[in-house]
Enquirer: 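The structure follows.
All ligand and atom numbering here is 1-based and tracks the order in the structure. Computed from a predicted model, the values in this text were never measured in an experiment.
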Amino acid sequence: MHAAPARSSRQTEAPKPGISFEFFPPKNDAMAETLWASVQRLAPLAPDFVSVTYGAGGSTRERTHATVKRILEETGLKPASHLTCVAATKDDTDEILRQYWAMGVRHIVALRGDPVTGIGTTFEAHPEGYQGSPELVAGIKAIGDFHVAVSAYPEKHPESPSLDFEIDLLKRKVDAGADRAITQFFFDNGHYYRYMERVRKAGISIPVVPGILPVQNFRQSASFATKCGTDVPAWLARRFEGLEDDPETRRMVAAAVAVEQVYDLLDNGVSDFHFYTMNKADLVFAICHMLGLRAEPVAAAA
Ligand code: FAD
């Protein structure tokens, strides 16, 4: 007779995890339609907040603003606006923050951002701007009592000399007032677990929420991962092998892979997840369903 296997959280009535969704501002009408269809499909899952990215170099400032505004006006969701230090003076950034506060935005994702000269080149802060993410976090908190999220890199940022440097920088962001961190996406949970051990040892106690990227397209995700310094394990490539011309099976495999990842995280005590939706709802909706989340009546806009 076999011993009964240990029950994992997926087999018990575990408390529902906290979730948040990330979107990017649309570039045209067709993309706007896709985005809004996705927002509407995911809204009944009652996320803690939905975040809207800020294009490299501040290139989407108006579009980010318009998307956040529409979320506030047309849904009951709490939008979190991403904001970077790139190509803006402190006065410009503070003005944007005051506008957000006046609109009713209470969540900001505070980032240094990528160099205007492109990823891989040296970051040069605007001489009159915030010089880095810790300073930006402090500036945001000085303007209003925003809930501030910052980035975290379990496999270290490509510019970072070491994980110790990375964790020290996270600590500086926390000391400046950050309320939570959201990680860069990763596929091998081992990186996250090892990183979290070091983060907690460093005395950082804020939630460090794993960022989950469902693999909508393996080739694209793998190439993006390489740029971000994210490990693409051989087993992951193997699961998508031979499916280049079979989008339907690819979607099923993608859902299975992501569900496996979030279940393992749940089993290891993770209670919050941030999903990089790429403005598409189906995969994320399926994963959330498997996490036990069900549609709730949608709250009207405030
Ligand atoms: P930080 O965590 O502040 O720093 C990143 C790295 O820069 C450090 O690890 C270190 O290597 C180096 N560094 C920082 N300060 C110093 C210092 N004082 N001395 C030496 N080296 C230093 N980008 C966008 O353009 N728009 C977005 O909306 C956006 N959203 C994101 C959301 C999340 C959850 C994540 C994880 C990333 C996001 N990014 C976004 C990408 C991010 O802007 C880039 O990775 C950028 O290069 C770093 O910004 P950061 O705030 O993560 O930087």
Enquirer: Is there at least one pair of N or O atoms, one from Glu22 and one from ligand 1, spaced under 3.5 Å apart?
Expert: no
Enquirer: Nearest non-hydrogen atom to atom 16 (C) of ligand 1 belongs to which of Phe24, Phe165, Phe123?
Expert: Phe165
Enquirer: Please write down residue, atom name and distance for the protein heavy atom closest to atom 44 (C) of ligand 1.
Expert: Asp114 OD1, 3.4 Å
Enquirer: With the side chain counted from C-beta on, respond yes when Tyr100 and Leu72 share a heavy-atom pair under 4.5 Å apart, and no when they do not.
Expert: no
Enquirer: Provide, to 0.1 Å, the distance between atom 32 (C) of ligand 1 and the closest protein heavy atom, together with that atom's residue and name.
Expert: His82 CE1, 3.7 Å
Enquirer: Does Arg112 reach ligand 1 with a nitrogen or oxygen that is under 3.5 Å from one of the ligand's nitrogen or oxygen atoms?
Expert: yes
Enquirer: Using the rule that two of Ile, Leu, Val, Met, Phe, Trp, Tyr join whenever any of their side-chain heavy atoms come within less than 4.5 Å, decide whether Leu213 and Leu243 are in one cluster.
Expert: yes
Enquirer: Has ligand 1 got any nitrogen or oxygen that is less than 3.5 angstrom from a nitrogen or oxygen of Gly113?
Expert: yes
Enquirer: Heavy-atom distances under 4.0 Å are what count here, so tell me which part of Glu166 touches ligand 1: side chain, backbone, both or neither.
Expert: side chain
Enquirer: Is the closest N or O pair between Thr84 and ligand 1 shorter than 3.5 Å?
Expert: no
Enquirer: Can you find an N or O of Thr53 that's nearer than 3.5 Å to an N or O of ligand 1?
Expert: no
Enquirer: Is it true that Glu260 and Arg239 make a salt bridge, defined as a side-chain N closer than 4.0 Å to a carboxylate O?
Expert: yes
Enquirer: Mind checking whether Val284 and Val39 sit in one hydrophobic cluster, side chains of I, L, V, M, F, W, Y counted as touching below 4.5 Å?
Expert: yes
Enquirer: Give me the residue, atom name and distance of the protein heavy atom closest to atom 39 (N) of ligand 1.
Expert: Leu111 CD2, 4.1 Å
Enquirer: With ring-ring contact (aromatic ring centres under 6.0 Å, His included) as the rule and sequence neighbours excluded, what pairs involving residues 108-134 come up?
Expert: none
Enquirer: How close does the nearest protein non-hydrogen atom get to atom 18 (N) of ligand 1, and which residue and atom is it?
Expert: Arg172 NH2, 4.3 Å
Enquirer: Report yes if some heavy atom in the side chain of Thr64 is under 4.5 Å from a heavy atom in the side chain of His82; otherwise report no.
Expert: no
Enquirer: Judging by distance only, is a nitrogen or oxygen of Ser133 under 3.5 angstrom from one on ligand 1?
Expert: yes
Enquirer: Look at atom 35 (C) of ligand 1 and say which protein heavy atom is nearest, naming residue and atom and giving the distance to 0.1 Å.
Expert: Ser151 CB, 3.9 Å
Enquirer: If you scan the protein for heavy atoms around atom 23 (N) of ligand 1, do you find one that is closer than 4.0 Å?
Expert: no
Enquirer: Looking only at protein heavy atoms, identify the closest one to atom 34 (C) of ligand 1 and say how far it is in Å.
Expert: Tyr276 OH, 3.3 Å
Enquirer: Run down the list Leu169, Ile182, Thr122 and name the one with the heavy atom closest to atom 15 (N) of ligand 1.
Expert: Leu169
